[in-house]
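Everything numeric here is computed off the predicted structure, so don't read it as measured data. Letters go in sequence order (proteins before strands), and every chain restarts at 1.
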Number of protein chains: 2
Amino acid sequence: MLHNRPRDLQETSEPNRVLQAIRQIVSEGLLPSDGRLPTERHLAAELEAGRASVRRALDTLEAEGLIWRKQGKGTFAGQPPDPTEELAAQIASDVDPLSAMEARLCIEPALADLCARRATADDVARLRKLAERTHDAEGSDSAELWDGALHRAIARIAGNRLMLTAFTLIDEVRMGDDWQEKRHRARTPETRAFYDAQHQKIIEAIDARNGPAAANAMRKHLETLFDNLRKSMEDRP
Amino acid sequence: MLHNRPRDLQETSEPNRVLQAIRQIVSEGLLPSDGRLPTERHLAAELEAGRASVRRALDTLEAEGLIWRKQGKGTFAGQPPDPTEELAAQIASDVDPLSAMEARLCIEPALADLCARRATADDVARLRKLAERTHDAEGSDSAELWDGALHRAIARIAGNRLMLTAFTLIDEVRMGDDWQEKRHRARTPETRAFYDAQHQKIIEAIDARNGPAAANAMRKHLETLFDNLRKSMEDRP
DNA sequence: GGATCAAACCAATCGTTCATTGGTTTGATT
DNA sequence: AATCAAACCAATGAACGATTGGTTTGATCC
């Protein structure tokens, strides 16, 4: 119990002690993959504090934007999920890979165009870093993730909320279903080198603030992806 | 049972008899407020037919777009609901008219392209009718509505669920906010004649199955809208 | 008196279970 | 060949209980 603890350990107030403890849990990577924190009751028992104290500490962390809470669900690290994801999950079931690719082919060149017109020097530097990570990635899985991050960054830099939502929609559908494995097969060492070169061209066009060129480079890149996906589906449908 | 029915009442085949009966149920207002039809098993018993016959009739009605079905849920009159509206309402607040217009300029030409590649003769006929209605509309309000219907029809004919969702998102945002009045001002008798001519060009390109031309015509049309909107905002911001 | 805690209750959510419903196959009947 | 009846599959929804954050109350300890 708190009251039995020696005086010299009680310099800092009770809420601060709990707050720092939880802050440490959040900042360190001690959480499950979904970012879920222990329940308030569990934290209280663990930290030998009352639930009210734990809640006050969580209030602070929530105000700082480090966690978010939802009644009946739990407490999670990071920011609350975007409502776009729910919509994506709902329509993901009746969208096939080819039509998702078709939609990308419509939207992403336009995003690259906008991106070229609005990117700052910092933005371009960030894109270069992401392309580098995609290039250096060890496994095919890892390359896939960095590639996704690159495309997402371009969409974000484009700076149009509606277009970003549309992109997120497609991206969520693309990530969360059963044809991951097909794309996986479509990514061989040769294609990866090809993709890297195409990424370079896209970023160069963006760096030159040449919107149409960026759109074209993106379109070619996606067409390559499209072709490879189709081939791998024909091989083993 | 069917087999006990007198010969002279059996002129029409069994599936047609069931189809007409169900069609009547749907077209009359005999359904609950949610548009739910009786279950297939119930209909089969009611119409003294087998479930397979009922299903064939429902297949026809579904192909005609009069009903939609969902496994585990039921059969309903009309078109399947679109969950996009909620998301649109959520993000509508932080989207300004110009960026919505920008998003249209990215997406709708692509939709026109797809539409040109997939439209049937019936589709084109429907588009012509809508353009005519837009032309003949009396008030500026009415013209606005028919114009929206035309653009929506093109998006639907394009036949890509994700792109349709993206379009619906923009459309909902466009409809449901405070700058309706600005667009209203931007629609004068002169501009209306201009818009009609542009609609014609779009539909002609679609009818000729010329995707790029349709995309171009749509892009020009939207740029005109864009310019007029900008002007009317400069006049009275 | 202020701070803390324990307990109890409310409300939202999730997992489970079970009935319902469309989707599909099979074999019998006419 | 067409139709039907039956059985099964898969997805959905309603109902229930357990869990979790949100809130209140009264006791306890400085």
Side-chain angles (χ1 to χ4, degrees), chain A residues 1-19 21-22 31-32 34-63 67-77 80-81 83 86 89-94 177-178, chain B residues 1-5 7 10-19 21-22 31-32 34-63 67-77 80-81 83:
Chain A
M1 295 300 218
L2 172 61
H3 325 106
N4 301 334
R5 200 175 301 126
R7 288 231 158 233
D8 56 311
L9 282 183
Q10 231 178 348
E11 291 156 2
T12 155
S13 69
E14 180 65 3
N16 270 339
R17 187 191 124 250
V18 176
L19 176 58
I22 301 179
L31 299 176
D34 59 352
R36 169 176 233 138
L37 270 72
T39 70
E40 294 179 353
R41 292 168 175 84
H42 191 83
L43 280 173
E46 195 80 14
L47 301 175
E48 293 181 347
R51 222 185 122 201
S53 302
V54 171
R55 278 189 61 72
R56 229 169 317 149
L58 291 176
D59 286 341
T60 304
L61 293 174
E62 187 177 29
I67 63 171
W68 61 279
R69 302 185 271 183
K70 180 110 190 184
Q71 181 176 153
K73 192 166 188 181
T75 305
F76 300 84
E86 305 167 24
Q90 282 184 311
I91 68 172
S93 55
D94 46 33
D177 62 1
D178 50 342
Chain B
M1 296 300 230
L2 171 61
H3 324 105
N4 301 334
R5 201 174 301 125
R7 288 236 157 230
Q10 230 177 348
E11 290 156 3
T12 156
S13 70
E14 180 65 4
N16 271 339
R17 188 192 122 248
V18 176
L19 176 58
I22 301 179
L31 299 175
D34 59 351
R36 170 175 232 138
L37 270 72
T39 70
E40 293 179 353
R41 293 167 175 84
H42 191 83
L43 279 173
E46 195 79 14
L47 301 175
E48 294 181 346
R51 217 184 127 202
S53 301
V54 171
R55 279 187 61 72
R56 228 169 316 149
L58 292 176
D59 285 342
T60 304
L61 292 174
E62 187 176 28
I67 63 170
W68 61 278
R69 302 184 271 184
K70 181 108 188 185
Q71 180 174 156
K73 192 167 189 181
T75 305
F76 300 84

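Comparing D/dC4, D/dG22, D/dA11 against the side chain of A/Arg41 picks out D/dG22 as the nearest. Proximity note for A/Arg55 (side chain, C-beta onward) versus D/dG22, C/dC5, D/dC4: the nearest is D/dG22.
Between the P atom of D/dG21 and the CZ atom of A/Arg51 lies a distance of 7 Å, rounded to the nearest Å. We find that CD of B/Gln71 is positioned 4 Å from C1' of D/dA10, with the value rounded to whole Å. One can place CD of A/Glu40 at 14 Å from C1' of C/dC10, the figure rounded to the nearest angstrom. Between the CG atom of A/Leu61 and the P atom of D/dG21 there is a distance of 14 Å, rounded to whole Å. Between the CD1 atom of A/Ile67 and the C1' atom of D/dT20 there is a distance of 14 Å, rounded to whole Å. Summarising the geometry, the separation between CD on A/Glu48 and C1' on C/dA6 is reported as 15 Å, rounded to the nearest angstrom. One interatomic measurement links the two molecules: CG of B/Leu19 to P of D/dA2, which rounds to 17 Å at whole-angstrom precision. Between the CG atom of B/Leu43 and the P atom of C/dT20 there is a distance of 17 Å, rounded to whole Å.
For A/Arg69 and D/dT20, the shortest distance from a side-chain N or O to OP1 or OP2 is not below 4.0 Å. The shortest distance between the side-chain N/O atoms of B/Ser53 and the OP1/OP2 oxygens of D/dT3 is not below 4.0 Å. Taking 4.0 angstrom as the limit, A/Lys70 places a side-chain polar atom (N or O) nearer than this to OP1 or OP2 of C/dT13. Residue A/Arg56 places at least one side-chain N or O under 4.0 Å from the OP1 or OP2 atom of C/dT4.
Here the closest heavy-atom approach between residue A/Phe76 and residue A/Asp34 is recorded as CD2-O, 3.7 Å.
Residue-environment remark: CD (A/Glu62) exceeds the threshold of 12 foreign heavy atoms within 6.0 Å.
The main-chain N or O of B/Leu47 is found under 3.5 Å from a side-chain atom of B/Arg17 such that the two form a donor-acceptor pair. Proximity of a side-chain donor or acceptor of B/Arg36 to a complementary backbone N or O of B/Lys73 within less than 3.5 Å is detected.
Along DNA chain D, the nucleotide nearest B/Gly72 and the nucleotide nearest B/Ala52 are compared for position; the residue whose nucleotide lies closer to the 5' end is B/Ala52.
Partner A/Ile22 forms a side chain to side chain contact (heavy atoms under 4.5 Å, CB included) with one of A/Thr75, A/Leu61, A/Thr60 and no other, that one being A/Leu61.
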